[in-house]
Amino acid sequence: TTGGPLLTVENLSLHYGDALALNGISFTLAAGKALAVLGANGAGKSSLARAVSGLVPTSGGKILLGGEDVSGWPAHRVRKSALVHLPEGRGVFRGLTVIDNLKMAAAVVPGRKARKQAVDLALEIFPVFANRRRQSAGLLSGGEQQMLSLARALATAPKLVIADEMSLGLAPKMVDLVFDGLDRARQAGVTVIMIEQYVHRALAFADEALVMHRGEIAWAGPTSAAHGEVLRHYLGDA
Ligand code: ATP
């Protein structure tokens, strides 16, 4: 790409049957930035994540990833191109060791050297696994498995990670570790879209925020400007 945005969403719409879940969504996200997608229950956050990931067919609009038009691509093809979507931390192989989980994830990365780098980066991002490479993933705690699923995602060397409610059900200490991991991933150049119940943490983490309301973008701007009235109005708190 030529320094353009990593992700461009243009006039995106999505229906479930007759119900309109996304309506005229447009935004851009620059490479290496983090975007927090906020909104009340049912506002359309997960639908947006699924649409960008190719997990649900859209009914209109365009999605450009790294300058490439991926609209209508199936999820596996979008994933190959640049993106991982992490819905609530699944996809850990409990019968395999930590390191084998990471190596298996990295199998999609072309080139032996790049594969090794991707695994090393995942381990760097989650130092908690450094001494536990040979441990069976099934023996990790729920929170650690969540972290391993994020580590696996990073081992695929994605350009964009969509973290959909990653902190759901995690103890506060684990939430800290997940946020730390995402922060290190961003420092390593990974672009992040975060859907998060902890609004203030998401705002502290992200560069940009997008507040959704009934399938539309109600507010968009830098996180530094997303406070007080914006949050009270659309999220009913803060
Ligand atoms: P939450 O925070 O509760 O997950 P959300 O902001 O992620 O909410 P979505 O899950 O995207 O919102 O839902 C947006 C709208 O689409 C809601 O009205 C929801 O009921 C509806 N919806 C979501 N998934 C489906 C589906 N598979 N079939 C039909 N309607 C759906």
Side-chain angles (χ1 to χ4, degrees), residues 7-29 34-63 65 70-76 78-79 83-91 142-143 146 149-150 153 160-172 174-175 178-179 182 191-221 223 226-227 229-238:
L7 177 69
T8 302
V9 172
E10 268 175 37
N11 204 23
L12 190 71
S13 62
L14 167 65
H15 289 79
Y16 295 112
D18 290 337
L20 186 62
L22 296 176
N23 185 20
I25 301 288
S26 299
F27 66 92
T28 62
L29 182 58
L35 171 72
V37 178
L38 309 173
N41 286 342
K45 306 181 294 292
S46 294
S47 296
L48 177 59
R50 291 196 290 261
V52 171
S53 317
L55 290 167
V56 289
T58 54
S59 27
K62 244 188 204 177
I63 300 162
L65 194 54
V70 301
S71 321
W73 283 21
H76 67 89
V78 182
R79 201 180 310 130
L83 175 154
V84 267
H85 180 199
L86 278 163
E88 296 158 31
R90 285 182 211 105
Q146 189 94 315
S149 100
L150 178 53
L160 174 64
V161 169
I162 301 185
D164 191 352
E165 304 275 15
M166 281 234 55
S167 66
L168 208 68
L170 293 188
M174 286 295 166
V175 177
V178 166
F179 269 85
L182 279 174
T191 309
V192 178
I193 294 181
M194 174 180 282
I195 298 174
E196 186 46 64
Q197 52 174 337
Y198 295 113
V199 170
H200 291 283
R201 298 202 63 155
L203 289 176
F205 174 84
D207 307 290
E208 308 278 331
L210 194 153
V211 182
M212 298 189 65
H213 183 65
R214 297 189 178 165
E216 300 186 1
I217 294 180
W219 188 90
T223 47
H227 43 64
E229 230 172 294
V230 173
L231 299 182
R232 258 194 304 280
H233 192 81
Y234 294 106
L235 305 174
D237 74 347

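Whatever order the structure lists ligands and atoms in, that order sets their numbers, starting from 1. None of the values given here were measured: they were computed from a predicted structure.
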Check: Do Leu210 and Leu38 have side-chain heavy atoms sitting under 4.5 Å apart?
Finding: no
Notebook entry, point to check: At what distance is the nearest protein heavy atom to atom 10 (O) of ligand 1, and which residue and atom is it?
Noted result: Ser46 CB, 3.8 Å
Margin query: Closer than 4.0 Å to some heavy atom of Ser47 - which atoms of ligand 1 meet that?
Written below: 9 (P), 11 (O), 13 (O), 14 (C)
Note to self: Going by a strict under-4.0 Å cutoff (protein heavy atoms only), does atom 20 (O) of ligand 1 have a neighbour on the protein?
What the structure shows: no
Item checked: Any Gly39 heavy atom less than 4.0 Å to ligand 1 -> no
Next item on the list: Supply the atom-to-atom distance Ile162 CD1 to Thr191 OG1, rounded to the nearest 0.5 angstrom.
Entry: 11.0 Å
Check: Donor-acceptor pair, Lys45 side chain versus Gly39 backbone, under 3.5 Å?
Finding: yes
Item checked: Considering all heavy atoms, the nearest Ser46-Asp164 contact -> OG-OD2, 3.4 Å
Checklist line | atom 1 (P) of ligand 1 [closest protein heavy-atom partner, distance rounded to 0.1 Å] | finding: Gly42 N, 3.7 Å
Notebook entry, point to check: Quick check: does any side chain N or O of Gln146 sit under 3.5 Å from a backbone N or O of Ser167, one acting as donor and the other as acceptor?
Noted result: no
Item checked: Check against side-chain hydrogen bond (donor to acceptor under 3.5 Å, both in side chains), Glu208 and Thr223 -> CA-CA 5 Å; Glu208 308 278 331; Thr223 47; over 6 Å; no
Note to self: With the threshold set at under 4.0 angstrom, would you say Arg50 reaches ligand 1 through any of its heavy atoms?
What the structure shows: yes
Check: Does the side chain of Leu160 come within less than 4.5 Å of Leu7's, by heavy atoms?
Finding: yes
Next item on the list: Measure the distance from atom 16 (O) of ligand 1 to every protein heavy atom, then report the residue, atom name and distance (to 0.1 Å) of the closest one.
Entry: Tyr16 CE1, 3.5 Å
With a 3.5 Å cut-off and sequence neighbours excluded, list the donor-acceptor pairs that the side chains of residues 15-26 form with protein atoms.
residue : atom : partner : partner atom : Å
His15   : ND1  : Ser59   : OG           : 2.7
Tyr16   : OH   : Ser47   : OG           : 2.8
Tyr16   : OH   : Arg50   : NH2          : 2.8
Asn23   : ND2  : Glu216  : OE2          : 2.7
Ser26   : OG   : Asn11   : N            : 2.8

Check: Under 4.0 Å from any heavy atom of Ala40, which atoms of ligand 1 are there?
Finding: 6 (O)
Next item on the list: Examine Gly44 against ligand 1 and note whether any of their N/O atoms are separated by less than 3.5 Å.
Entry: yes
Notebook entry, point to check: Which of the numbered atoms in ligand 1 are below 4.0 angstrom from a heavy atom of Ala43?
Noted result: 5 (P), 6 (O), 12 (O)
Check: So which protein heavy atom does atom 2 (O) of ligand 1 come closest to, and at what separation?
Finding: Lys45 NZ, 2.9 Å
